[in-house]
Amino acid sequence: VGERLGPGITVRSHAPATAADGYRAFIEAHLDEAYRLATFLLGQRAEAEDAVHDAAISAWRHWTDRRDLDRTEAWFRRIVINACHDRHRGSRRIRAIDVGLDIELAHHPLGPDPADAVGERAGIVDLLRHLSPDERTLLTLRFGLDLTVPAIASVLGVREGTVKSRLHRTLAVLRTKLSEQTP
Amino acid sequence: MTTDRQPASDLESALRGFYRDHDPGPSPLGLRRRVDEVPSGFDRVPPLTMRQLMTPALGLAAALAILALAVGLVPQADLAAGPGASAAPTTTFDPNRTGFGLGRAFEATSPWFLVVVAALTLVGLAVRLRGRRALLPLAGAAGAVGYAIVGAFAPVDLHVTGWGPGLNVVEVTLPTGAEGPLYYETAKPGEPYSFGILLIGGDEQRVRIESVVDDNGSWYWTAVWLDGEPHGGMMGPAQPFAPFDMTPDGHAVWLVGRASSCALGRAPLEGEPLGSTWMDSVRVNVTVYGWPRVIELALPRVVEAWTDPCPLPDSYGTPPP
């Protein structure tokens with residue numbers, strides 16, 4: 001018997017576990033992912049750190065209010081996303097990905113044809129800037145965090161079919177835009 | 001949760017590669033320290049901020065505005081019903097009983113003000129809510145505005161389809177081709193008279209007759225009575241007016257007034273040089289789905305002939321010509 005906080009994280013009830021113990025164990029296991037998610041969404045490491053910190057505070061304040069303990073992971077991801085959106089609305093400084101983009105692409109080109117890979121990804125960067133926050137969130141969860149469709153649905157609080165259709169639509173838009181960019 | 005990979009398209013592979021390229025790596029030590037301090041550094045119950053207070057404040061304001069809108073419409077109906085509103089049982093018609101069935105003309109400014117306040121606060125509340133929750137206040141705002149528009153502007157199906165002279169009123173036989181009908185009120189000064197009208201309404205609208213507007217002008221009403229026949233007949237006044245919902249059967253009401261101090265007290269003779277005043281319409285306070293409105297109904301002309309010159313000032317405020 002215990003509180004399950006995610007894969008491999010269970011605070012046993014026979015131990016004198018406090019809410020703070022459970023919270024710390026959970027955060028310890030999920031902080032890196034939260035930081036990745038926030039960085040992907042906000043594009044700036046400093047902003048991402050602040051957003052994750054905000055999310056951690058919010059999660060602590062509502063730690064005992066969780067209704068479904070098995071969905072704590074999804075619950076916390078949602079808090080991180082909301083914190084990022086709040087920062088986005090507050091600062092209006094969101095960029096899709098601009099963390100050393102040019103330098104990283106120049107130094108770490110991937111793929112059999114480095115020039116093509118760089119060009120395509122640079123095109124993606126440009127396109128991601130024009131997506132809505134919700135669309136960027138969807139792509140980040142799917143391709144950045146590599147979450148399954150059910151996991152994304154749990155995070156966003158929508159049905160799996162909705163996630164699939166939104167993904168399909170967003171990817172179609174990206175493909176169209178990419179083809180328009182290709183001479 | 002890293003399963004369900006399907007044959008990825010080039011674009012999906014590119015996206016994965018893109019995110020992989022820009023993975024920020026482990027969370028920085030500074031962030032870890034800050035997060036470690038959260039349980040000891042922050043209260044479980046956060047202090048309320050203005051931003052957090054705005055949502056419940058807007059919700060409360062919207063609820064109060066809607067409540068005020070609902071409550072605000074009731075007193076108008078009660079006011080119009082008058083002291084005779086509760087006197088439902090049939091009683092003997094007494095033309096000297098006064099004060100029931102009349103009311104000031106309804107005004108719709110206050111309800112509109114409340115609707116606008118409610119709609120604005122609901123929209124403000126919707127802006128502050130996320131996702132589908134925002135639809136609820138938006139639906140409320142749309143409902144409030146829609147209700148007001150329908151109540152205030154929908155054509156009202158209410159007509160006078162019949163009438164009849166009562167106490168001290170006689171019908172005039174007009175020559176062929178003359179526009180009529182025409183009635184003379186023959187009450188002596190200060191005496192009562194009555195005139196019945198049959199109201200017909202549709203059954204698709206909820207129209208409630210709340211009162212007759214007491215215009216208190218040259219034509220002076222003292223009371224309104226309901227007919228004793230409940231299914232649209234005109235048997236005579238039988239009970240003091242009380243607000244009622246229109247039905248397709250119709251309802252007869254009896255307007256009771258008092259002759260002015262200049263009244264001739266009889267039908268004038270042909271060619272007799274007299275003054276006169278007349279009534280050819282009556283205004284009625286109604287509510288359409290609860291929304292207050294004033295409807296003017298056309299009537300046959302009812303004339304009160306005056307002695308000329310009038311020996312006394314008109315006791316109802318209008319001096320004779």
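Quantities reported herein were computed from a predicted structural model and do not represent experimental measurements. Convention: sequence-line order gives letters A, B, ...; per-chain numbering from 1.
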If you count every heavy atom of other residues, nucleotides or ligands that lies below 6.0 Å from B:Phe113 atom CZ, does the total exceed 12?
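Count not over threshold, so no.
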Proximity breakdown for [X] and chain B, heavy-atom pairs closer than 4.5 Å:
X        : result
A:Thr140 : both
A:Glu33  : neither
A:Ile27  : side chain

So which residue, A:Asn82, A:Leu174, A:Leu171, A:Ile57, ends up with the most heavy-atom pairs under 4.5 Å with chain B?
A:Ile57
Hey, which of A:Ala20, A:Ala48, A:Gly144, A:Ala38 has the most heavy atom pairs under 4.5 Å with chain B?
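Result: the option with the highest number of such pairs is A:Gly144.
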Checking A:Thr39 against B:Asp23 for the side-chain contact (heavy atoms from CB on, under 4.5 Å) test, could you report, in this order, the C-alpha distance in whole Å, the side-chain angles of both residues, the deciding distance, and whether it holds?
CA-CA 8 Å; A:Thr39 305; B:Asp23 192 317; over 6 Å; no
Quick check for you: to the nearest 0.5 Å, what is the distance between [X] atom [atom1] and [Y] atom [atom2]?
X        : Y        : atom1 : atom2 : answer
B:Asp10  : A:Arg175 : CG    : CZ    : 9.0 Å
B:Asp36  : A:Arg24  : CG    : CZ    : 6.5 Å
B:Arg32  : A:Glu49  : CZ    : CD    : 11.5 Å
A:Asp50  : B:Arg34  : CG    : CZ    : 5.0 Å
A:Leu139 : B:Leu15  : CG    : CG    : 6.0 Å

Please check: side-chain N/O of A:Asp32 versus main-chain N/O of B:Ser27, any donor-acceptor pairing under 3.5 Å?
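Here the side-chain-to-backbone pair exists.
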Does any non-hydrogen side-chain atom of A:Phe40 lie less than 4.5 Å from one of B:Pro24?
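When only atoms from C-beta onward are counted, A:Phe40 and B:Pro24 do touch, with a gap below 4.5 Å.
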pair A:Trp63-B:Pro39: side-chain heavy atoms closer than 4.5 Å
no
Step by step, work out the side-chain contact (heavy atoms from CB on, under 4.5 Å) result for A:Glu28 and B:Val35.
CA-CA 9 Å; A:Glu28 172 68 23; B:Val35 171; over 6 Å; no
A:Asp146 with B:Arg20: basic N within carboxylate O range, under 4.0 Å:
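So A:Asp146 does not pair with B:Arg20 through a salt bridge.
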Apply salt bridge (Lys or Arg N to Asp or Glu O under 4.0 Å) to A:Arg142 and B:Glu12, showing your working.
CA-CA 10 Å; A:Arg142 180 65 177 146; B:Glu12 293 177 24; 5.8 Å; no
Closest non-hydrogen contact found for A:Arg136 with B:Tyr19 is O-OH, 4.2 Å
